[in-house]
There are 2 protein chains.
Amino acid sequence: MSKRPVNVGEWPEPVPAGPAARLRRELARGTTELAVLSVLASQRRYGYELMKRLGQAGGGVLEIKEGTLYPLLHRLEDAGLITAAWEAEGRSRPRKYYSITPEGRAHLAVLRAEWAALVEAMGHLLDEEPT
Amino acid sequence: MSKRPVNVGEWPEPVPAGPAARLRRELARGTTELAVLSVLASQRRYGYELMKRLGQAGGGVLEIKEGTLYPLLHRLEDAGLITAAWEAEGRSRPRKYYSITPEGRAHLAVLRAEWAALVEAMGHLLDEEPT
DNA sequence: ACCTAATACCTCGGGCAACAAGGTAAATGT
DNA sequence: ACATTTACCTTGTTGCCCGAGGTATTAGGT
């Protein structure tokens with residue numbers, strides 16, 4: 001497509017690429033680390049795979065861009081929360097697989113708890129004033 | 001003195017001001033706008049009141065600092081989502097009350113929906129991998 | 001065989017929310 | 001009386017995320 005599909009008429013349903021995108025980005029901010037670690041907790045993945053996977057989950061709310069993902073992975077690696085390993089798999093272009101470390105799991109647990117607390121607090125707040 | 005009380009020995013109990021604070025801040029990012037609008041939806045409040053109120057809710061997860069709140073209120077006002085009015089109330093130092101506008105309510109509805117979607121998506125993701 | 005798209009990795013610059021730190025002044029508490 | 005809390009504000013810094021760009025391999029279409 002080169003120019004972007006864009007959905008000339010309207011959005012069929014997912015894809016709120018308007019001003020709502022700013023909102024979404026701000027809201028979802030900080031959750032990417034949790035999302036990434038959470039996915040890596042069940043099994044190792046390579047970067048691109050991770051990106052696609054999160055992009056599909058939940059109607060795109062968790063979408064993460066390359067310019068966000070790769071720096072994030074490097075930060076996590078530097079922090080010792082994940083480890084990286086190039087894997088050839090019989091292809092000339094190897095993939096870089098990331099695995100979570102024990103420290104990463106501990107960190108994930110904290111993040112999950114923090115997230116749960118936030119969701120609960122916001123839930124109470126929002127329930128106070130119905131729709 | 002004058003330097004800040006600071007709790008010379010240690011924290012009495014709430015206040016995870018360690019490295020966990022960074023986490024919390026990043027996670028909660030973007031939720032402040034939602035939180036503020038949500039509170040104002042039920043009734044008008046002045047800035048300081050808003051700050052204290054959010055600070056107590058949910059064990060401090062929604063805590064918001066002055067340096068964050070006031071600029072936020074001004075942004076929301078500029079955007080026409082809230083309106084401000086100085087009210088004397090018989091005191092020489094008047095308070096600045098903020099009220100939500102119809103546009104603000106519409107915006108709040110979008111934010112709420114976006115938040116709900118995020119929470120649901122993260123919920124699914126986290127459930128895939130138990131603790 | 002050619003060419004386009006998708007895959008797969010990366011980096012640099014800018015935008016922006018949140019904070020830290022600082023300031024002013026009135027109200028309240030001790 | 002003095003200190004603390006209330007109540008408003010601004011400026012500078014930090015750090016996540018993204019846009020835009022770059023490279024190279026692999027798959028698909030004609």
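On a predicted model such as this, the values are computed, not experimentally measured, just so you know.
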Q. When all nucleic acid strands are considered with a 4.0 Å heavy-atom cut-off, which category describes B:R29: base, sugar-phosphate, or nothing?
A. base

**Q.** Minimum heavy-atom distance between B:W115 and A:L126, given as atom pair plus value
**A.** CD1-CD1, 3.7 Å

Q.
Measuring from the side chain of B:R95 (C-beta onward, heavy atoms only), which nucleotide among C:dT7, D:dC9, D:dA7 has the closest atom?
A. D:dA7

**Q.** d(CD, B:E77; C1', D:dC8) in whole Å
**A.** 13 Å

Q.
Quick check: on DNA chain D, is the nucleotide nearest B:Y46 upstream (toward 5') of the one nearest A:G90, or the reverse? Name the residue that is more 5'.
A. B:Y46

Q) If you draw a 6.0 Å radius around CZ in B:R95, do more than 12 non-hydrogen atoms from other residues or ligands fall strictly inside? A) yes

(Q) Could you tell me how far apart A:L50 (CG) and C:dT7 (C1') are, to the nearest whole angstrom? (A) 15 Å

Q. What's the shortest heavy-atom distance between B:L73 and B:G47, and which atoms?
A. CD1-CA, 4.1 Å

(Q) Taking atom types as they are modelled, would you say the side chain of B:R25 forms a donor-acceptor pair with the base of C:dA18 within the 3.5 Å cutoff? (A) no

Q.
In whole Å, I'd like the distance from the NZ atom of B:K52 to the C1' atom of D:dT5.
A. 8 Å

**Q.** Axis-to-axis angle between the two ends of the helix from C:dA1-D:dT30 to C:dT30-D:dA1 (five base pairs per end, rounded to 10 degrees)
**A.** 30°

Q. Any idea which heavy atoms bring A:L118 and B:L27 closest together, and the distance?
A. CD2-O, 3.8 Å

Q: Applying salt bridge (Lys or Arg N to Asp or Glu O under 4.0 Å), run through B:E33 and A:R22 and close with a yes or a no.
A: CA-CA 13 Å; B:E33 187 175 318; A:R22 199 204 112 255; 3.7 Å; yes

Q | Non-hydrogen atoms of A:L72 and A:V36 that approach each other most closely | A | CD2-CG2, 3.8 Å

Q | Any A:R93 side-chain N or O less than 4.0 Å from OP1/OP2 of D:dT26 | A | no

Q | Within residues 63-72 of chain B: residues closer than 4.0 Å to DNA chain C (heavy atoms) | A | B:K65, B:G67, B:T68

(Q) So, does A:R75 get its side chain near the phosphate of D:dC17, meaning an N or O under 4.0 Å from OP1 or OP2? (A) yes

Q | Beyond-backbone contact of A:Y48 with A:Y70, side-chain heavy atoms, under 4.5 angstrom | A | yes

Q) Out of C:dA6, D:dT6, C:dC10, which has the shortest distance to the side chain of B:Y48? A) D:dT6

Q: Establish, with yes or no, whether the OP1 or OP2 oxygen of D:dT6 is under 4.0 angstrom from a side-chain nitrogen or oxygen of B:R91.
A: no

Q. Considering all heavy atoms of both residues, which atom of A:Y98 and which atom of A:A84 are nearest to each other, and what is their separation?
A. CE2-CB, 3.5 Å

Q: Please determine if a side-chain N or O atom of B:S92 lies less than 4.0 Å away from the OP1 or OP2 oxygen of C:dA27.
A: yes

Q: Indicate the atoms forming the closest heavy-atom contact of A:G60 with A:R24, along with that distance.
A: O-NH1, 3.7 Å

Q: Report yes if a side-chain nitrogen or oxygen of B:H74 is closer than 4.0 Å to either non-bridging phosphate oxygen (OP1 or OP2) of D:dC8; otherwise report no.
A: no

